[in-house]
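For reference, the structure discussed in these notes is given below.
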Amino acid sequence: MPLTVVLAEDSPLMRDGLVGVLSRFGHQVLAAVGDADALLTAVRELDPDIVVTDVRMPPDNTDDGLRAAIALRRERPTLPVLVLSQYIEQSYAAHLLDLGSDSGIGYLLKDRVSAVTEFVDAVTHVAAGATVVDPEVVRQLLNRRHDPLRRLTPREREVLALMAEGHANTEIARELYVTEAAVNKHVSGILQKLELHLDGQGHRRVLAVLTYLRA
């Protein structure tokens, strides 16, 4: 289903490229802006299906895009937001995910945009309510953490990385060439080892990723 998108990116070349990619896949870019203030205005006026924004942009050229996304998310808790970052920054991902609502959130490295299908898939998954964290971010966080990650087996780490990318259990099973029952067992093991308590609202994948980002 085509999506309506508000895009924020301060590099004209990158901005035009993102517009071209999204349009090629049938999505409608309602506005493509170059600073955080324009992003806030456009989203409030146009009410898009999803926001795609860079982290660093004017007016301060720090984390203005991220702060604008967080402000919009607080105004509209169900607004899907996909944030693009040049570098892996744990605090950026943590701030974005720690908004009190665990759906429709994405944190993607800009390098991933060159893999066009992966980028568009991420947009689609986030718009549908999934939480997608760049696999490279997850890998680095996994490598930096020793507790509670040391409790996870190598296979459980693989499953967790795919969970963070937004894959369903059937997709994980296909990717790892195992049965869906085996994936379910791994997910249960991850939750048990991380001492996560389910709330009955389907947030277990997000809770697992948040454990690493907030540690």
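What's counted below: heavy atoms across the whole structure, side chains too, no hydrogens, waters or symmetry copies. When a residue number appears, it is its place in the shown sequence, counting from 1.
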Any salt bridge between D134 and K110, counting N to O under 4.0 Å?
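No, D134 and K110 are not salt-bridged.
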Under 4.0 Å between a Lys/Arg side-chain N and an Asp/Glu carboxylate O for D10 and R15?
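Answer for the salt bridge query: no.
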Straight-line distance of [X] [atom1] to [Y] [atom2], nearest 0.5 Å:
X: H167; Y: H125; atom1: NE2; atom2: NE2; result: 7.0 Å
X: L40; Y: E75; atom1: CG; atom2: CD; result: 7.0 Å
X: L84; Y: L7; atom1: CG; atom2: CG; result: 8.0 Å
X: L162; Y: L176; atom1: CG; atom2: CG; result: 5.5 Å
X: L30; Y: T4; atom1: CG; atom2: OG1; result: 5.0 Å
X: S85; Y: L66; atom1: OG; atom2: CG; result: 9.0 Å

Identified side chain to side chain contact (heavy atoms under 4.5 Å, CB included) counterpart of D37 within the set D35, T41, L39, V33
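When side chain to side chain contact (heavy atoms under 4.5 Å, CB included) is applied between D37 and each of D35, T41, L39, V33, only D35 qualifies.
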Which one of V43, V83, L72 satisfies the side chain to side chain contact (heavy atoms under 4.5 Å, CB included) criterion with T53?
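Output: one option passes, namely V83.
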Heavy-atom check, side chain of [X] versus side chain of [Y], under 4.5 Å:
X: V116; Y: F25; answer: yes
X: H27; Y: V21; answer: no
X: L18; Y: D16; answer: no
X: F119; Y: L82; answer: yes

Closest heavy-atom contact between [X] and [Y]?
X: I190; Y: E156; value: CD1-O, 3.3 Å
X: V126; Y: P80; value: O-CB, 3.5 Å
X: G26; Y: P2; value: O-CB, 3.3 Å
X: V132; Y: A122; value: CG1-CB, 4.4 Å
X: D111; Y: Q86; value: OD1-NE2, 4.4 Å
X: V19; Y: A32; value: CG2-CB, 3.8 Å

Determine, stepwise, if the pair R56 / E9 fulfils salt bridge (charged side-chain N to carboxylate O under 4.0 Å, His left out).
CA-CA 8 Å; R56 294 180 178 272; E9 165 60 54; over 6 Å; no
Using the rule that Ile, Leu, Val, Met, Phe, Trp and Tyr join whenever any side-chain heavy atoms are under 4.5 Å apart, tell me whether L108 and V5 fall into a single cluster.
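Same cluster.
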Following the transitive rule for hydrophobic clusters with a side-chain heavy-atom cut-off under 4.5 Å over Ile, Leu, Val, Met, Phe, Trp and Tyr, establish whether M57 and V81 coincide in one cluster.
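They do not share one cluster, since no chain of ILVMFWY contacts under 4.5 Å joins M57 to V81.
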What verdict does the salt bridge (charged side-chain N to carboxylate O under 4.0 Å, His left out) test give for R174 and E180, after you've listed the backbone C-alpha separation in whole Å, the side-chain angles of each residue and the deciding distance to 0.1 Å?
CA-CA 8 Å; R174 187 163 54 248; E180 187 172 354; over 6 Å; no
Within a 6.0 Å radius of atom NZ on K185, are there more than 12 heavy atoms belonging to other residues, nucleotides or ligands?
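For K185, atom NZ is not crowded (no more than 12 foreign heavy atoms under 6.0 Å).
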